[in-house]
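Structure first, then comments.
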Amino acid sequence: MSMQRREFLKAAGAASAAAAVPGCATMGGASGKVVVVGAGYGGATAAKYIRMWSEGGIDVTVVEPNPEFISCPLSNLVIGGSKTLADITVSHENLTRRHGVKLVKDTATAIDPDKRVVKLSGGGELPYDRLILSPGVDFMWDKVPSLNNAAAQERILHAWKAGAQTVALRNQLTAMPDGGVFVISIPVAPYRCPPGPYERACQVAWYFKRAKPKSKVLILDGNGDVTSKGPLFKKAWAEEYKGLVEYRPNYVLTDVDVTTRTAKFEVQDPVKADVLNVVPPQRAGAIARAAGVVTANDRWCDVDFLTFESVKVKNIHVLGDAIQIGTGMPKSGHMANQHAKVCAAAVVALLAGQPPNPMPVLTNTCYSFITDKDVVHVCSVHQYDREKKTVLPVPGSGGVSTAMNELEGRYAFNWAKNIWADALA
Ligand SMILES: Cc1cc2nc3c(=O)[nH]c(=O)nc-3n(C[C@H](O)[C@H](O)[C@H](O)COP(=O)(O)OP(=O)(O)OC[C@H]3O[C@@H](n4cnc5c(N)ncnc54)[C@H](O)[C@@H]3O)c2cc1C
């Protein structure tokens with residue numbers, strides 16, 4: 001094991017690389033060209049690990065339009081006001097400086113799977129032997145027709161991709177008079193980060209409790225019940241945020257009135273908000289569609305879980321939120337990081353003429369902030385099942401907090417630092 005990798009593994013902590021790919025060592029002799037689309041949780045991790053595990057033998061180019069990585073995990077704390085955008089922003093530069101990844105600031109617009117070429121919006125083209133797509137999600141605006149234009153999207157925010165929208169939602173909350181109502185609309189699962197909307201409700205309530213105690217948080221959930229850590233969130237709303245938070249299930253959004261900030265539903269009466277936050281239904285990022293790898297419900301990409309290669313298009317791998325998940329697998333940053341390591345090991349093996357690891361294991365931990373420092377978690381372990389050819393939760397593994405606590409708050413901040421270092425340092 002090289003010195004660089006040993007030091008790196010020490011830093012990786014919670015996002016343990018060794019646990020993700022047991023027995024994976026660096027593999028000299030692997031060569032070829034890999035293009036990665038997206039330098040988020042999945043793409044950045046895959047790019048770095050392919051460089052490390054091929055000992056620099058594989059040429060890796062990442063396409064990403066954003067100048068910096070801004071983390072969705074912890075972004076709800078920016079909305080609550082206990083953190084700033086700078087606290088959750090990390091540079092991409094170590095990918096290039098330390099790992100020799102080529103970074104192209106551009107957007108991939110089309111893929112030619114026969115010629116194995118990625119086309120860029122700037123007119124350039126990148127040839128590949130293996131292509132890795134980790135584009136995250138795009139929003140299904142056709143399901144919220146009045147938001148299907150840029151002007152409306154500036155007024156009714158999603159803040160479900162961290163960055164300008166995160167700050168804009170924070171600004172709407174600080175501008176809201178005391179006594180106002182913050183409404184968050186949650187789409188029917190699956191969507192990015194199952195506990196994320198409930199964590200956001202807690203962070204807004206944390207802010208209101210201190211700064212605007214006559215105000216209210218109204219959670220209008222398209223699902224029949226809280227989709228993750230239900231008892232823990234409900235306890236927090238009943239105790240820590242008594243009188244501040246109301247939860248209503250089965251509120252499937254059909255549209256909004258942008259001017260009056262009114263949410264409309266399949267069954268229930270419309271609800272008017274002072275600040276309306278719509279988390280729209282989601283599907284794999286557009287480039288997945290352009291590549292022809294969207295295969296499940298016209299939304300997600302089925303992959304072979306041994307390699308994360310598309311089941312439909314050869315030599316194209318898909319990671320992160322864009323995939324059709326296995327049973328019990330959340331759409332999370334931690335999971336995208338784990339997909340990336342299994343995929344990176346497989347791509348290095350394949351480009352060295354070796355078979356991929358036949359029994360990959362993946363882990364997940366999702367921390368949710370109830371206050372600015374009290375946290376709850378849920379975790380799970382997932383393993384490839386040879387017979388069923390999918391990834392299944394390992395029976396008896398995993399667990400959930402018994403109650404919110406400050407110690408897990410410290411773990412959660414360290415989880416974030418570790419996974420950012422794992423992907424980008
Ligand atoms: C509020 C909130 C809280 C969350 N909290 C947690 C948490 O606590 N823990 C956790 O594990 N997860 C959490 N998540 C989920 C996590 O953010 C996602 O699961 C994770 O980002 C998925 O990684 P990804 O690589 O699929 O996508 P992303 O990290 O979104 O990366 C996609 C990248 O691809 C780029 N891209 C897209 N299309 C193109 C293109 N055509 N060309 C070039 N680049 C492109 C984008 O610019 C982006 O940088 C949270 C999410 C939200 C919204």
Side-chain angles (χ1 to χ4, degrees), residues 14-15 35-47 61-80 88 92 103-111 118-122 126 132-139 158-163 165-166 169 184 186 190-201 203 228-229 277 279 282 284-291 300-301 308 318-323 325 329-340 343 363-369 375-379 412-413 415-416 419-420 423-424:
V35 174
V36 180
V37 174
Y41 275 90
T45 309
T61 302
V62 177
V63 186
E64 168 64 59
N66 291 334
E68 289 171 307
F69 169 94
I70 306 180
S71 175
C72 282
L74 299 195
S75 68
N76 284 330
L77 276 66
V78 178
I79 290 164
I88 61 167
H92 292 131
L103 202 57
V104 175
K105 290 259 172 277
D106 209 332
T107 299
T109 50
I111 313 289
V118 178
K119 298 185 180 171
L120 306 177
S121 73
L126 296 169
I132 299 176
L133 303 178
S134 195
V137 291
D138 271 352
F139 300 115
H158 55 78
W160 219 242
K161 293 188 182 185
Q165 285 246 340
T166 312
L169 184 56
I184 179 164
I186 305 173
Y191 57 87
R192 156 175 284 186
C193 193
Y198 313 109
E199 179 189 59
R200 177 168 296 173
Q203 289 307 302
S228 176
K229 304 173 198 161
N277 179 199
V279 180
Q282 296 147 37
I287 192 66
R289 185 167 302 270
W300 311 111
C301 309
F308 286 81
V318 190
L319 310 177
D321 291 351
I323 72 159
I325 44 180
M329 197 188 252
K331 291 190 182 291
S332 73
H334 194 135
M335 205 77 241
N337 168 283
Q338 299 279 290
H339 297 168
C343 175
T363 61
N364 186 71
T365 306
C366 274
Y367 291 102
S368 296
F369 281 80
V375 162
V376 293
H377 83 276
V378 60
C379 63
F413 284 124
W415 171 88
I419 201 162
W420 297 341
L424 294 155

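Predicted model only: the values in this text are computed from it and were never measured. Ligands are counted one by one from 1 in listed order, and the atoms in each one are counted from 1 as well.
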Which residues share a side chain to side chain donor-acceptor pair (under 3.5 Å) with [X], sequence neighbours left out:
X: Glu199; value: Asn76
X: Ser134; value: none
X: His377; value: Ser401, Glu408

Legend entry - Within the 6.0 Å centroid threshold, strictly below: Phe69 and Tyr41: yes
Inset, instruction - With the side chain counted from C-beta on, respond yes when Val78 and Ile88 share a heavy-atom pair under 4.5 Å apart, and no when they do not. - result: yes
Inset, instruction - For Cys343 and Phe308, work out which heavy atoms get closest and say how close. - result: CB-CB, 4.0 Å
Inset, instruction - Output the set of protein residues with a heavy-atom contact under 4.0 Å to ligand 1, ordered first by chain identifier and then by residue number. - result: Val37, Gly38, Gly40, Tyr41, Gly42, Val63, Glu64, Pro65, Asn66, Cys72, Pro73, Ser75, Asn76, Asp106, Thr107, Ala108, Ser134, Pro135, Gly136, Trp160, Arg192, Cys193, Arg200, Ile287, Gly320, Asp321, Lys331, Ser332, Gly333, His334, Ala336, Tyr367, Trp415
